Protein chains: 2
Amino acid sequence: MSTRAERFSAFRRALKDKGLKSTAQRDDIAHVFFGSQRHLSIDELYREVRKLNPRVGYATVYRTIKLLKECGLADEQHFADGQTRYESAKGDDHHHDHILCDRCGKIVEFADDDLERLQEEIATRLGFVLARHRMELYGICRECREGVRTPSAEATAARNRS
Amino acid sequence: MSTRAERFSAFRRALKDKGLKSTAQRDDIAHVFFGSQRHLSIDELYREVRKLNPRVGYATVYRTIKLLKECGLADEQHFADGQTRYESAKGDDHHHDHILCDRCGKIVEFADDDLERLQEEIATRLGFVLARHRMELYGICRECREGVRTPSAEATAARNRS
DNA sequence: GTCAGTGCAAAAGATTTGCATGCGA
DNA sequence: TCGCATGCAAATCTTTTGCACTGAC
């Protein structure tokens, strides 16, 4: 897993390689995006970026996220709530899946080798050569079951309610 | 797995229980929906229903699919292509996942007990009580790899291209 | 100076909703 | 008859695009 600075450099390098320009907007969007631990929606990303630099338009956020996707630096996720979210890519060798809390909206990442193997096996059995997969588990997390309301869980729940 | 007629009756019963009316449009939409083996998009469903009864509006298809969801008779799927698709629900005791061919778009359903168990185990390990999950595998099917172009694969590929 | 990048507003695509009319119970 | 259901069009919501202007190289 690379640092924010490393990802930022990788983005700038990718832009240069493609003959594209570095701009204040792209820098600001990338900075916010790489700095977030969460799975951001476009709107959340836009709002965060605007705090840093109000001279950024919605369209530019869309255009920049698309660029980040093309560079392999952002992964797009379509969870069950219908919202499209983006996360900072972990790299090819760091595949992971997600488990989401139905109550507070918390998203936890995990990786499991047995699961990967089993998926290969199922695909083979069905005559497919597996290219990729997507798995999401949904349930209730321990904090929500125990009625503990941590600040971060509260914030996440509030975001989900809005 | 119930028959088309059984599902149709279940829908009429559910409507009656909710104090809602049976109408020609609802009947026609349900008939087409329960009769399809495929994972239909709203647009595909609309077109099919129009062949049967041109006096059906787009909005009614949306409203009826929403009703079917509420009755537990339709499952909504968001696959990676971004299109929202619906399938006739198999019932709580018939959970299944999907594997999709990246080339011809074919969608194959499967169920695997080991997979279900492993998911439970992962959720428990992470402190979650699992409610449901979603898994999709993507790859290339045998027919596409072997260059065989079956009529159904051709039809599916054509639909995907359009 | 050149041309890609940007903001804005308009467009496009998917889904929902308001409203007058239609029709099932 | 009464009120839910429908069709249509308009409204939303999300994402993309056209265009004139700005700014990076």
Side-chain angles (χ1 to χ4, degrees), chain A residues 8 11-33 39-47 49-50 52-71 74 76-86 159-160 162, chain B residues 8 11-33 39-47 49-50 52-71 74 76-86 159-160 162:
Chain A
F8 194 81
F11 182 45
R12 291 206 136 195
R13 216 175 311 126
L15 287 178
K16 182 165 283 183
D17 289 350
K18 287 170 180 266
L20 301 175
K21 294 171 181 171
S22 283
T23 66
Q25 286 90 333
R26 283 175 180 171
D27 285 355
D28 291 339
I29 293 167
H31 184 78
V32 169
F33 180 68
H39 295 70
L40 295 169
S41 68
I42 288 285
D43 192 63
E44 287 166 346
L45 181 55
Y46 172 74
R47 286 166 196 275
V49 171
R50 292 279 289 208
L52 185 66
N53 176 357
R55 310 163 45 110
V56 172
Y58 222 101
T60 300
V61 176
Y62 271 105
R63 288 189 272 232
T64 304
I65 266 289
K66 183 180 265 184
L67 263 179
L68 287 163
K69 268 194 288 180
E70 286 166 12
C71 299
E76 189 173 306
Q77 304 284 345
H78 298 267
F79 295 123
D81 68 357
Q83 275 255 60
T84 303
R85 289 202 162 74
Y86 299 86
R159 271 196 306 276
N160 285 330
S162 68
Chain B
F8 194 80
F11 182 45
R12 291 207 137 194
R13 215 176 312 125
L15 288 178
K16 182 164 283 183
D17 289 351
K18 287 170 181 266
L20 302 175
K21 295 171 181 172
S22 283
T23 66
Q25 286 89 333
R26 285 177 178 170
D27 285 356
D28 291 339
I29 293 166
H31 184 77
V32 169
F33 180 68
H39 296 70
L40 295 168
S41 68
I42 288 285
D43 192 62
E44 287 166 345
L45 181 55
Y46 171 74
R47 287 167 196 274
V49 171
R50 291 281 287 209
L52 186 66
N53 176 357
R55 310 163 45 114
V56 171
Y58 223 100
T60 301
V61 176
Y62 271 105
R63 286 189 273 231
T64 303
I65 265 290
K66 183 180 265 182
L67 265 179
L68 286 164
K69 268 194 289 181
E70 287 167 12
C71 299
E76 189 173 304
Q77 303 285 345
H78 298 267
F79 294 123
D81 69 357
Q83 275 257 60
T84 303
R85 290 202 162 75
Y86 299 86
R159 273 196 306 275
N160 285 330
S162 68

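Because the structure is a prediction, the values reported are computed rather than measured. Reminder, nothing fancy here: chain letters follow the sequence lines and each chain counts from 1.
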Participant: Using whole Å, report how far CG of B:Asp28 lies from P of C:dC23.
Facilitator: 14 Å

Participant: Give the rounded distance in Å between these two atoms: NZ of A:Lys18 and C1' of D:dA24.
Facilitator: 18 Å

Participant: Taking all non-hydrogen atoms of both residues, which atom of A:Gln83 and which atom of A:Ser41 are closest, and how far apart?
Facilitator: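 Closest pair (atom of A:Gln83, atom of A:Ser41, distance): OE1-CB, 3.8 Å.
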
Participant: Just compare D:dG3, C:dT17, D:dT17 and give me whichever is closest to any side-chain atom of B:Ala59.
Facilitator: C:dT17

Participant: With respect to the phosphate group of C:dA14, does any side-chain polar atom (N or O) of B:Thr84 fall under 4.0 Å of OP1 or OP2?
Facilitator: no

Participant: Roughly, in whole Å, what's the span from CG in B:Leu45 to P in C:dA14?
Facilitator: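 Distance check: B:Leu45 CG to C:dA14 P gives 15 Å.
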
Participant: Below the 4.0 Å mark, does C:dG13 have OP1 or OP2 next to a side-chain nitrogen or oxygen of B:Gln83?
Facilitator: no

Participant: Taking it one step at a time, do A:Thr60 and A:Thr23 satisfy side chain to side chain contact (heavy atoms under 4.5 Å, CB included)?
Facilitator: CA-CA 11 Å; A:Thr60 300; A:Thr23 66; over 6 Å; no

Participant: Output the rounded distance in Å from NE2 (A:His78) to C1' (D:dT15).
Facilitator: 12 Å

Participant: Over how many whole Å does the gap from B:Asp27 atom CG to C:dG24 atom P extend?
Facilitator: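 That distance rounds to 10 Å.
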
Participant: Has the side chain of B:Arg63 got a donor or acceptor that lies under 3.5 Å from a partner of the other kind on the base of D:dG7?
Facilitator: yes

Participant: Take the protein atom CZ of B:Arg26 and the nucleotide atom C1' of C:dG22, then report the distance between them rounded to whole Å.
Facilitator: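 Computing the B:Arg26:CZ to C:dG22:C1' distance gives 14 Å.
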
Participant: Starting at atom CZ of A:Arg50, determine the distance to atom P of C:dG7, rounded to an integer number of angstrom.
Facilitator: 9 Å

Participant: Does a nitrogen or oxygen in the side chain of A:Ser22 sit under 4.0 Å from OP1 or OP2 of D:dA24?
Facilitator: no

Participant: Measuring to OP1 and OP2 of C:dG7, would you say a side-chain N or O of A:Gln25 lies under 4.0 angstrom away?
Facilitator: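 Indeed, a polar side-chain atom of A:Gln25 lies that close.
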
Participant: Whether A:Arg55 contacts D:dG23 is assessed here as follows: a side-chain N or O lying under 4.0 Å from the phosphate OP1 or OP2. Is that the case?
Facilitator: yes

Participant: Below 4.0 angstrom, N of the basic side chain to O of the carboxylate: do A:Arg13 and A:Asp17 qualify?
Facilitator: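 The answer is no: the pair does not qualify as a salt bridge.
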
Participant: Nearest whole angstrom, please: distance from the C1' of C:dT15 to the CD1 of B:Ile65.
Facilitator: 13 Å

Participant: Given A:Val61 and A:Ile42, is the side chain to side chain contact (heavy atoms under 4.5 Å, CB included) satisfied, shown in steps?
Facilitator: CA-CA 7 Å; A:Val61 176; A:Ile42 288 285; 4.2 Å; yes

Participant: Toward the 5' end of DNA chain C, which comes first, B:Ala24 or B:Ile42, by nearest nucleotide?
Facilitator: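 Result: B:Ile42.
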
Participant: Between C:dT6 and A:Thr23, is there an OP1 or OP2 to side-chain N/O distance shorter than 4.0 Å?
Facilitator: yes

Participant: Measuring from the side chain of A:Tyr62 (C-beta onward, heavy atoms only), which nucleotide among D:dT14, D:dA24, C:dA9 has the closest atom?
Facilitator: D:dT14

Participant: Please round to the nearest 0.5 Å and tell me the distance separating atom CZ of B:Phe11 and atom OG1 of B:Thr64.
Facilitator: 6.0 Å

Participant: Please pick, from D:dC4, C:dT6, C:dT17, the nucleotide with the shortest atom-to-atom distance to any side-chain atom of A:Thr60.
Facilitator: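 Per side-chain heavy atoms of A:Thr60, the pick is C:dT6.
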
